[in-house]
Amino acid sequence: MDARFNMFENEIGMKFAKRFANAGMVIHQSTLPSATQELVSLRVSQINGCGWCIDMHAKEAAAAGESAVRLSLVAAWRESTVFTEAEQAALALAEEGTRMADAQQGVSDGTWDRVRGHYDDDQVAALVCLVALVNAANRMGVILHQRGGSYEPGMFAAMLD
C-alpha cells in the first residue's frame with residue numbers, strides 16, 4: 001500500500017510540518033531525558049499502529065545509543081527489568097494519555113502521582129506535550145498510510161528554524 005498523500009509536496013502540509021517540527025524542538029531541548037522522550041514516542045506510536053513513527057523513533061533512539069534490548073522491550077515494559085522507575089512512570093502516562101477512550105478516567109491519579117514523583121514541572125510539561133504531539137503525528141501517519149522502513153535518523157533536521 002502506498003501513502004495516500006505526500007504532505008511534504010503540498011504547501012499547506014509543508015508549512016504545518018515545519019511548525020510541527022519546531023514545536024517538537026521545544027520538547028527536545030527540554031530537560032526531559034532524551035532516552036525517555038524516544039521511549040515514550042515509540043510506545044505511543046506502537047499503541048497507535050503508526051509504522052512511520054515507530055520506524056522513526058526506533059531509529060532515532062538507536063542512533064542516540066539506546067540499546068536493542070530496551071527498544072525491543074518497550075512494548076512490554078511492565079514485564080521487563082530494563083527501565084527505571086522514572087521511565088516506567090513516563091511510559092504509564094504515555095499509555096494512559098494515548099488510550100484515553102479506553103479508560104473513563106484518562107490518566108489515573110496513581111500514574112500522575114508517580115510522574116510527579118520523578119519529574120519537575122518543566123519535565124512534566126514536556127512529557128504531557130510530547131504525548132499529545134506524538135499522538136497527533138501518529139494520527140496523520142495512519143490517516144495518510146505512511147509506511148515504516150525508509151526513515152533515516154536526522155532527516156528532518158533541515159526543516160527546523
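Atoms considered below: every heavy atom in the structure, side chains included; atoms not considered: hydrogens, waters and symmetry mates. Computed from a predicted structure; not experimentally measured.
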For the CG atom of Asp122 and the OG1 atom of Thr31, what is their distance to the nearest 0.5 Å? 5.5 Å
Among Leu91, Val134, Ile54, Asp55, which residue satisfies the side chain to side chain contact (heavy atoms under 4.5 Å, CB included) criterion with Leu42? Ile54
Any idea which heavy atoms bring Leu73 and Ser80 closest together, and the distance? CD1-CB, 3.8 Å
Euclidean distance, Asn22 CG relative to Met25 CE, rounded to 0.5 Å: 7.5 Å
Within a strict 4.5 Å, meaning less than it, do heavy atoms of the Gln37 and Ser30 side chains meet? yes
Trp77 CH2 to Glu95 CD distance, which is reported to the nearest 0.5 Å: 5.5 Å
What are the two closest non-hydrogen atoms of Cys50 and Asn138, and how far apart are they? CB-ND2, 3.7 Å
Indicate the atoms forming the closest heavy-atom contact of Ala58 with Leu71, along with that distance. O-CD1, 3.7 Å
Write down the atom of Asn135, the atom of Gly97, and the distance for their closest heavy-atom approach. ND2-O, 4.3 Å
Working to the nearest 0.5 Å, report the span between CG of Leu130 and CD of Glu38. 8.5 Å
May I have the step-by-step check of side chain to side chain contact (heavy atoms under 4.5 Å, CB included) for Gln88 and Leu93, ending in yes or no? CA-CA 9 Å; Gln88 290 173 28; Leu93 179 79; over 6 Å; no
When rounded to the nearest 0.5 angstrom, what distance separates CD1 in Ile27 from CG in Leu32? 8.5 Å
Tell me the closest heavy-atom pair linking Gln46 and Val74, and the distance in Å. NE2-CG1, 3.4 Å
In terms of hydrophobic clusters joined by side-chain contacts under 4.5 Å, are Ile47 and Met140 together? no
Tightest non-hydrogen contact, residues Ala94 and Val40, listed as CB-CG1, 3.7 Å
Is a donor on one side and an acceptor on the other found under 3.5 Å between the side chain of Arg4 and the backbone of Ile143? yes
Are Val124 and Leu133 linked, directly or through other ILVMFWY residues, by side chains that come within less than 4.5 angstrom of each other? yes
Evaluation steps, salt bridge (charged side-chain N to carboxylate O under 4.0 Å, His left out), between Arg114 and Asp109: CA-CA 9 Å; Arg114 286 177 53 208; Asp109 290 340; over 6 Å; no
Using 0.5 Å steps for rounding, measure from the CE atom of Met56 to the OG atom of Ser45. 6.5 Å
Any donor-acceptor pair under 3.5 Å from Tyr119 side chain to Ala125 backbone: no
Can you check whether Phe83 reaches Thr36 side chain to side chain, under 4.5 Å on heavy atoms? no
4.5 Å side-chain heavy-atom contact, Leu39 and Glu66: yes
Please name all residues satisfying side-chain hydrogen bond (donor to acceptor under 3.5 Å, both in side chains) with Gln123, sequence neighbours left out, ordered by chain then number. none
